[in-house]
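Everything on this sheet refers to the single structure shown next.
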Amino acid sequence: MNAFVFPGQGAQFVGMGKDLYDQHPVAKEYFEQANEILGFRITDTMFAGTDEDLKQTRVTQPAVFLHSVITAFCLGDAFRPDMVGGHSLGEFSALVAAGALSFENGLRLVSRRAEAMQKACEAVPGTMAATIALPDDVVEQVCANVCSPESLVVAANYNCPGQLVISGQREAVEAACTRLKEAGAKRALMLSVGGAFHSPLMQPAKEELEKAINETAFSTPRCPVYQNVDGMAQTDPAVIKENITRQLTSPVRWTKEVGQMLADGATCFTECGPGKALQGMIVKIAKGHDITLRSANELL
């Protein structure tokens with residue numbers, strides 16, 4: 001069975017999507033439509049901007065979404081998923097590719113999500129850190145020991161066995177990193193991100209996004225969509241809407257999600273979007289399984 005997966009924020013790079021724009025008329029049409037919807041030429045930043053410009057959350061999230069979704073559209077008949085899933089922001093790309101959201105509505109929601117998250121980050125500054133080579137329960141316990149009502153840190157992204165990203169206020173994340181290294185982490189690396197994503201600090205963004213989601217039309221997807229909050233497959237639009245709302249303040253359970261895809265029969269994973277980060281995670285999650293990994297670019 002074919003699983004198509006979509007990356008999240010962090011996969012961006014300057015020049016992303018220009019080959020699609022130049023070589024595929026359908027891509028050019030969608031990119032220009034996106035410029036109109038957003039009210040600025042995001043393609044200028046994507047194709048020839050600076051790294052700093054592209055790192056702005058309000059730009060990064062729509063940019064990764066556009067590259068991912070338009071890649072899927074360019075695949076034509078080669079895009080035949082039995083299931084789809086996306087990492088964080090990538091879940092919105094998966095929903096559009098699977099027909100649960102229109103392109104226009106998906107882009108508007110992603111743009112609204114990015115703006116809301118940016119505001120939440122400015123209101124309560126936070127950060128994230130990646131931990132390598134520790135069991136999840138050890139990382140969770142360290143976070144619990146460090147966390148307090150005044151200084152929050154939680155497990156945020158369960159990326160693959162031995163790789164868990166934590167999120168929270170800077171002081172708490174730094175303290176957790178120190179303790180994680182003492183506990184035997186190979187690395188506990190502070191990340192260059194704009195805030196404490198997938199933590200309770202995103203509650204204001206969640207409330208803002210929830211209103212937009214509730215006002216947006218969703219359809220039944222053409223195949224199951226595996227969601228971050230519980231790793232399970234969904235086709236019910238009402239449940240999908242609830243889960244993508246909860247996603248902002250909940251951990252990304254990518255390890256469980258991919259594991260469930262494997263349990264449900266996935267044998268081929270195609271990463272649809274910039275970079276190959278998800279393939280690296282899937283290799284570790286699918287250890288012992290006979291699977292095929294590929295980039296959607298191989299099908300274009």
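The first residue in the sequence is number 1, and the count goes up from there.
Closest non-hydrogen pair, Glu140 versus Ala155, comes out as CG-CB, 4.4 Å. Taking every heavy atom of both residues into account, Val146 and Ala176 meet most closely at CG2-CA, 4.0 Å. Ala98 approaches Val84 most closely through the heavy-atom pair CB-CG2, 3.9 Å. For the residue pair Leu75 and Cys272, the shortest heavy atom distance occurs at CD1-SG, 4.4 Å. Across all their heavy atoms, Ala188 and Leu180 have their closest contact at CB-CB, 4.4 Å. Here the closest non-hydrogen pair linking Phe103 and Val96 is CA-CG1, 4.0 Å.
Using a 4.5 Å cut-off on side-chain heavy atoms (C-beta onward), Gln118 and Arg58 make no contact. Annotation: side chain of Pro274 is in contact with side chain of Ser68 (closest heavy-atom distance under 4.5 Å). Residues Thr71 and His67 are in side-chain contact: their nearest non-hydrogen atoms beyond the backbone lie under 4.5 Å apart. Taking the side chain as every heavy atom from C-beta outward, Gln279 and Phe269 never approach each other to under 4.5 Å. Looking at heavy atoms from C-beta onward, Pro221 lies out of side-chain contact with Leu95 at the 4.5 angstrom threshold. Counting only heavy atoms from C-beta outward, the side chains of Val154 and Pro200 approach each other to under 4.5 Å. A 4.5 Å side-chain heavy-atom check between Arg253 and Asp230 finds every atom pair outside the cut-off. With a 4.5 Å cut-off on side-chain heavy atoms, Asn35 and Ile42 count as touching.
To the nearest 0.5 angstrom, Gln61 atom CD is 14.0 Å from Arg112 atom CZ. Rounding to the nearest 0.5 Å places SG of Cys147 at 8.5 Å from CD of Gln169. Taking OH from Tyr226 and CE from Met232, the interatomic distance works out to 8.0 Å, rounded to the nearest 0.5 Å. Between atom CG of residue Leu164 and atom CG of residue Asp136 there is a gap of 4.5 Å, rounded to the nearest 0.5 Å. Remark: Asn157 CG to His198 NE2 distance equals 5.5 Å, nearest 0.5 Å. For the atom pair CZ of Arg113 and CG of Leu248, the computed distance is 5.0 Å after rounding to the nearest 0.5 Å.
For the pair Lys276 and Glu271, the salt-bridge criterion is not met [side-chain N within less than 4.0 Å of a carboxylate O]. The residues Lys211 and Glu215 are annotated as salt-bridged, a charged nitrogen and a carboxylate oxygen being separated by less than 4.0 angstrom.
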One pair to check against side chain to side chain contact (heavy atoms under 4.5 Å, CB included): Met281 and Val258. What are the steps and the verdict? CA-CA 9 Å; Met281 296 177 194; Val258 173; over 6 Å; no

Would Glu36 and Arg41 count as a salt bridge (Lys or Arg N to Asp or Glu O under 4.0 Å) if you check the C-alpha gap in whole Å, the side-chain angles of each, and the deciding distance to 0.1 Å? CA-CA 8 Å; Glu36 291 183 16; Arg41 291 194 63 80; over 6 Å; no

Show, in sequence, the C-alpha distance, side-chain angles and deciding distance for Phe73 and Tyr30, and conclude whether the ring-ring contact (aromatic ring centres under 6.0 Å, His included) test is met. CA-CA 9 Å; Phe73 290 165; Tyr30 276 112; 4.7 Å; yes

Can you check side chain to side chain contact (heavy atoms under 4.5 Å, CB included) on Asp82 and Asp264, steps first, answer last? CA-CA 10 Å; Asp82 297 300; Asp264 291 344; over 6 Å; no

May I have the step-by-step check of side chain to side chain contact (heavy atoms under 4.5 Å, CB included) for Ser88 and Gln9, ending in yes or no? CA-CA 8 Å; Ser88 188; Gln9 191 167 345; over 6 Å; no

Please determine whether salt bridge (Lys or Arg N to Asp or Glu O under 4.0 Å) holds for the pair Lys55 and Asp51, giving the CA-CA distance in whole Å, both sets of side-chain angles, and the decisive distance to 0.1 Å. CA-CA 6 Å; Lys55 282 180 183 177; Asp51 286 332; over 6 Å; no

Show the numbers, then the answer: is there a side chain to side chain contact (heavy atoms under 4.5 Å, CB included) between Ile213 and Phe218? CA-CA 9 Å; Ile213 287 172; Phe218 281 65; 4.1 Å; yes

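Under a 3.5 Å cut-off, the side chain of Thr249 and the backbone N or O of Gln203 do not form any donor-acceptor pair. Counting only distance, with no hydrogens or angles, the side chain of Thr60 and the backbone of Leu54 share a donor-acceptor pair below 3.5 Å. When atom types are taken as modelled, the side chain of Ser111 and the backbone of Leu107 share no donor-acceptor pair closer than 3.5 angstrom. Formation of a donor-acceptor pair under 3.5 Å by the Asn228 side chain with backbone atoms of Gly86 is found in this model.
In the hydrophobic clustering of this structure, Val5 does not group with Met16; members are Ile, Leu, Val, Met, Phe, Trp, Tyr whose side-chain heavy atoms approach within less than 4.5 Å, directly or through other members. When the side chains of ILVMFWY residues are joined at heavy-atom separations under 4.5 Å, either directly or via intervening members, Val229 and Val225 end up in two distinct hydrophobic clusters. Residues Phe4 and Val283 do not share a hydrophobic cluster, defined by chaining ILVMFWY side chains whose heavy atoms lie under 4.5 Å apart. Note on Tyr158: it does not cluster hydrophobically with Met261, by side-chain heavy-atom contacts below 4.5 Å among ILVMFWY residues. The cluster map of Ile, Leu, Val, Met, Phe, Trp and Tyr, joined by side-chain heavy atoms under 4.5 Å apart, puts Leu20 and Val69 in the same cluster.
Remark: of the listed residues Val252, Thr57, Val110, Val110 is the sole one forming a side-chain contact (heavy atoms from CB on, under 4.5 Å) with Leu89. Checked options Thr127, Val173, Val165, Ile166; the residue passing with Leu191 is Val165 (criterion: side-chain contact (heavy atoms from CB on, under 4.5 Å)).
Asn145 and Gln141 share a side-chain donor-acceptor pair at under 3.5 Å. Between the side chains of Asn105 and Arg108, no donor-acceptor pair is found at a separation under 3.5 Å. A donor atom on one side chain and an acceptor atom on the other are not found under 3.5 Å apart for Gln33 and Glu29.
The aromatic ring centroids of Phe47 and Tyr21 lie less than 6.0 Å from each other.
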